[in-house]
2 protein chains.
Amino acid sequence: MSNISIKDIAAKAQVSTATVSYVLNGTRNVKQVTRERVLQVIEEMNYKPNNAAQSLKRRRTNTIGVIAEDVTVFNVPEIIDGINDCADRLDMHILLTNLRLDKRIGRSFDDMDTYRQYAENAVSELLSKQVEGIIYIGVHPRDLTGLCDTDGKPIVYTYSYTENDPSIQYDDEQASYEAMRYLIDHGHSRIAIISGVMDSIPSRLRFNGFYKAVTEFQLPFDPLLIKMGDWEAESGYRLTKELLSLPEPPTAILSMNDVMAVGVLRAASEMSVSIPEQLSLIGFDNREFSEYLMPRITTMDLPLHEIGYQAMEALSRILQGEEAGISPKPMCRLIERDSVAPPKR
Amino acid sequence: MSNISIKDIAAKAQVSTATVSYVLNGTRNVKQVTRERVLQVIEEMNYKPNNAAQSLKRRRTNTIGVIAEDVTVFNVPEIIDGINDCADRLDMHILLTNLRLDKRIGRSFDDMDTYRQYAENAVSELLSKQVEGIIYIGVHPRDLTGLCDTDGKPIVYTYSYTENDPSIQYDDEQASYEAMRYLIDHGHSRIAIISGVMDSIPSRLRFNGFYKAVTEFQLPFDPLLIKMGDWEAESGYRLTKELLSLPEPPTAILSMNDVMAVGVLRAASEMSVSIPEQLSLIGFDNREFSEYLMPRITTMDLPLHEIGYQAMEALSRILQGEEAGISPKPMCRLIERDSVAPPKR
DNA sequence: CTGTTAGCGCTTTCAA
DNA sequence: TTGAAAGCGCTAACAG
């Protein structure tokens, strides 16, 4: 059992506790033989320094807190992984709190009051554990201003943002612009878009990218090709049916997420419209299943790992007293698969 | 900034530090007015107790360590969530370490030496942080005997096991038996099975369940219906082609995971064998995508949340000085969807 | 009901 | 090159 303290080591090695501390931390020159003797005793007794005592004394923990709204939501684990990746390099430690929002409050993210309590408790606990900063991982990009009071400690948001604190997000607008360009490059001009719920940031940004491409490439603009979904497969299904029933149906659909793309697939299949031969499809998120569908769908990969990594970097920079710095937004990357082909004429 | 200590509170509230501590912990009766005064000052100054100091003094941290081999692997987040769920109720805290094994060593889990170092460091760090016990979450069920020396602190394994320590796993054998029964109940008797790699524990156990059903229900036993896959979609694809080319092909396939089931779907589609009309299919794992395939596939849901929950419970019991206790293995649950139908005759 | 005080295990200043 | 000793912020035994 680890009730061995520096004192036990000191006694057994016949030195003072100070000396043990010196060899442990390399804070001072210690005679070679002494050092070796101490090291050996440490080894023998399998001594592990008590981190609580160290933190108390040093008044530093090298630890940051990570608050995840829900670790079971698809984007979160990869972001955590990115944070870990960076933290390992910086020799920082992570204290992870899982708010379990999905299980506890379902999808009602609109009303912050319902989960503010959870967030506050998490922050409070983390602060109590002397973290030097916090990274907050949302499950859905939205404005979280006023959610957490971190008592002056720096906080960085990912996959969400606030008015005052730094936040790391990928470039949604660029992503949908790229997707459109890819479709256009393949010869499409009658391109429909199925959005997520319209009060969501990504929906708006992705629309911007869409419009930008439409404008820039002078595509015929047809409001009938713009459909408002709600992120769920059912809406993709329903809207695709509408789209394909149009007198002049689109030759390609850009779906704002992969889940709705599943609905597109189903609708197309039911209407005997084959993808990609008669209809091209691009999804968003590069969800794991997008690769398993038939056909495997072309989709936008979200730079989740990098978002986490950058969040950790930014926080570290702030901790060093530097500016958060505005590294360029991580970019999405198109994963080319089998759901896009030139339109048949 | 939280450099406010109990002393500051004591001074401002004109009491001793002891009194502050008493009201904070409710360890002793404190006169109503005094308590309120203290509480108010605490509130005013936004005081948060220093956890490091508390732990040091109390010699208890109420904290356990969780070592996840890789948080980005599908089974892990849900297990973590279960641990969290239980830990919240027990008022225990979690220190999570992500080994990042998938990114660092890929799939070479066979050679423990390649990752022992990571595991040892993780344990060592956790011990240093005074965790009272550890839960280890594997990404693949296998024997981990000798991986970690926890220096006498209790450890519970999930999704893996060792010879000497308690471990929580679901019942693989029962699961495949149930799947078989479901198929049999639907009228199938010529049932093929596509396994994972054969040196894996789940493969063997699921085979046992398969045999048990075959024996118990006196199905015609045909070795041609037994195929060894490797967990990947490609193997499901290839083996299904073999199966469907048999003089007397099976009417149903039990695939030992959902990924290989995707291969089954592809092969069947290519050979114009429709599922479930001409071929029934059951998968394993209830991966998210299984619901998005066409048809939505019937699959065995793994009780991941419960595994995590039970691991935490078991650890807590050990910490209380009780026996780990052998609660019954959590059961898998068949998720009925659209890939099973009676065989056509 | 409240206060004084010894220490938890460690780092670090000061002194030798 | 080493040691003595003062605390870091807190809890709890002891005293009143």
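Here is the naming used below: chain letters follow the sequence lines, and residue numbers restart at 1 for every chain.
- In this structure, of dT1(D), dC1(C), dG3(C), it is dG3(C) that holds the atom nearest to the side chain of S16(B).
- The residues K103(A) and D70(A) are annotated as not salt-bridged, no charged nitrogen and carboxylate oxygen being separated by less than 4.0 angstrom.
- Here the P atom of nucleotide dC1(C) and the CZ atom of R35(B) are 9 Å apart, to the nearest Å.
- If you check every strand for non-hydrogen atoms under 4.0 Å, S55(A) touches nothing.
- A donor-acceptor contact shorter than 3.5 Å links the side chain of T61(B) to the backbone of Q130(B).
- Atom pair D8(B):CG and dG9(D):C1' shows a separation of 10 Å (rounding to whole Å applied).
- Within the structure, salt bridge (charged side-chain N to carboxylate O under 4.0 Å, His left out) contacts touching residues 134-143 of chain B (residues at least two apart or in different chains) are E69(B)-R142(B).
- Look at CG on N29(A): it is 16 Å from C1' on dG3(D), rounded to the nearest Å.
- The heavy-atom pair separating G65(A) from L126(A) by the smallest distance is CA-CG, 3.9 Å.
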List the steps, then state whether side chain to side chain contact (heavy atoms under 4.5 Å, CB included) holds for V123(B) with D149(B).
-> CA-CA 8 Å; V123(B) 169; D149(B) 170 14; over 6 Å; no
Where along nucleotides 5-12 of chain C does protein come under 4.0 Å, by heavy atom, of base (B) or sugar-phosphate alone (S), with - for untouched nucleotides?
-> BBBBBBBB
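- Rounded to whole angstrom, the span from the CG atom of N62(B) across to the C1' atom of dT11(D) amounts to 15 Å.
- For the pair I9(A) CD1 and dT2(D) C1', the computed distance is 18 Å after rounding to whole Å.
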Less than 3.5 Å apart, which donor and acceptor atoms pair up between the side chains of residues 33-41 of chain A and the rest of the protein, not counting sequence neighbours?
residue : atom : partner : partner atom : Å
E36(A)  : OE2  : Q32(A)  : NE2          : 2.7
R37(A)  : NH1  : A13(A)  : O            : 2.2
Q40(A)  : NE2  : E44(A)  : OE2          : 3.2

